[in-house]
Amino acid sequence: MDLTLLYRGPLASCDYDCPYCPFAKRRHSTARLRADRAALERFARWAAEHRRPALPPLRPLGEGLVRSWCRRTLAELSHLPHIRRVAIQTNLSCRTDWLGDADPGTLALWCTYHPGQTPYDRFLAKCHDLAGGVLERIPAEPPARLSAHTATTARGARISG
């Protein structure tokens, strides 16, 4: 039996300032940041010890990849033999060099474009970099009336929008 797990830590914050989002530009105390890190480390230890095939998506409330411990945990989980997929939603505002430490066949990113927060061409360039340039069908300009543009990237990228 495969397990699909959903992990959601105690933080609820984002580095973007979308007017519709309740997690926009929140700051957390050092104690809350430490608690989030400890909770994620506990989850990762449990996932490493639990030997059933699993697909654990990390679903932070807001942008998780701005936290170094989240990036490191995703990379570590991606190498566990019983983990078939580890995924997270991201706005791609973070650095991407950490992805070199992850197994690209196991890690998946659900990348969302946020109009008004970052230029479309910057977001698109990151998508192209992540997918190795295979996203030829993405328009050079955002579609009219674009509210959100989603890209799922794990070396076999899928774009919708």
Side-chain angles (χ1 to χ4, degrees), residues 1-16 18 21-24 28 33-114 117-118 120 122-138 146-161:
M1 174 166 118
D2 288 354
L3 296 176
T4 299
L5 307 172
L6 177 66
Y7 173 83
R8 182 163 280 151
L11 292 186
S13 61
C14 185
D15 55 336
Y16 281 179
C18 300
C21 184
F23 315 119
H28 292 291
L33 292 170
R34 285 187 184 132
D36 182 70
R37 185 178 192 162
L40 184 56
E41 288 171 353
R42 271 192 314 276
F43 172 76
R45 276 192 308 275
W46 179 87
E49 294 167 2
H50 189 79
R51 294 295 178 192
R52 289 179 135 166
L55 298 106
L58 301 182
R59 298 286 255 218
L61 299 173
E63 177 58 42
L65 294 182
V66 296
R67 311 279 179 228
S68 62
W69 57 89
C70 186
R71 295 188 304 265
R72 184 178 54 255
T73 300
L74 284 165
E76 291 169 357
L77 287 172
S78 76
H79 289 286
L80 296 177
H82 61 287
I83 302 289
R84 292 192 337 196
R85 173 77 64 212
V86 62
I88 190 167
Q89 181 177 358
T90 179
N91 61 26
L92 280 182
S93 64
C94 69
R95 359 181 296 242
T96 55
D97 58 343
W98 68 276
L99 291 166
D101 296 331
D103 179 345
T106 305
L107 178 67
L109 302 176
W110 176 21
C111 306
T112 53
Y113 174 65
H114 294 69
Q117 300 300 308
T118 190
Y120 181 72
R122 181 183 305 158
F123 176 81
L124 195 57
K126 280 200 170 190
C127 288
H128 276 281
D129 288 346
L130 291 175
V134 299
L135 303 179
E136 302 299 327
R137 58 194 167 109
I138 301 175
L146 182 69
S147 60
H149 189 79
T150 302
T152 300
T153 307
R155 298 287 192 243
R158 184 183 72 219
I159 301 297
S160 63

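For the numbers below, each heavy atom of this structure counts, side chains included, while hydrogens, waters and symmetry mates do not.
- Across all non-hydrogen atoms, the minimal contact from Asp36 to Tyr7 is O-OH, 4.2 Å.
- A heavy-atom distance below 4.5 Å is found between the side chains of Tyr16 and Ser93.
- Just one residue in the list Leu65, Val66, Thr96, Thr112 forms a side-chain contact (heavy atoms from CB on, under 4.5 Å) with Thr90, and that residue is Leu65.
- Here the OG1 atom belonging to Thr118 is positioned 8.0 Å from the NZ atom belonging to Lys126, to the nearest 0.5 angstrom.
- Rounded to the nearest 0.5 Å, atoms CG (Asp101) and CZ (Arg72) are 10.5 Å apart.
- Atoms CD1 and CG, from Ile83 and Leu107 in turn, are 12.0 Å apart once rounded to the nearest 0.5 Å.
- Distance check: Asp15 CG to Cys94 SG gives 8.5 Å after rounding to the nearest 0.5 Å.
- Considering CD of Gln117 and SG of Cys21, their distance stands at 9.5 Å, rounded to 0.5 Å.
- In terms of heavy atoms, Ala75 sits closest to Ala102 at CA-CB, 3.9 Å.
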Trace of the side-chain contact (heavy atoms from CB on, under 4.5 Å) decision for Leu124 with Tyr113: CA-CA 9 Å; Leu124 195 57; Tyr113 174 65; over 6 Å; no
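- Between the side chain of His50 and the backbone N or O of His82 there is no donor-acceptor pair closer than 3.5 Å.
- Annotation: side chain of Leu40 is in contact with side chain of Cys70 (closest heavy-atom distance under 4.5 Å).
- The two residues Cys127 and Leu92 come nearest to each other via the heavy atoms SG-CD1, 4.0 Å.
- Residues Trp69 and Leu33 form a side-chain contact, since some pair of their non-hydrogen atoms from C-beta on lies under 4.5 Å apart.
- Each salt bridge (charged side-chain N to carboxylate O under 4.0 Å, His left out) pair with one or both residues in residues 37-50, not counting sequence neighbours, appears once here: Arg37-Glu41.
- At distances below 3.5 Å, not a single donor-acceptor pair connects side-chain atoms of His28 with backbone N or O atoms of Arg34.
- Side-chain atoms of Arg67 and Thr73 include no donor-acceptor pair closer than 3.5 Å.
- A donor-acceptor contact shorter than 3.5 Å links the side chain of Glu63 to the backbone of Asn91.
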Just do the side-chain contact (heavy atoms from CB on, under 4.5 Å) check on Trp98 and Ser68 with the steps written out, would you? CA-CA 9 Å; Trp98 68 276; Ser68 62; over 6 Å; no
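- Closest heavy-atom contact between Leu130 and Cys111: CD1-SG, 4.4 Å.
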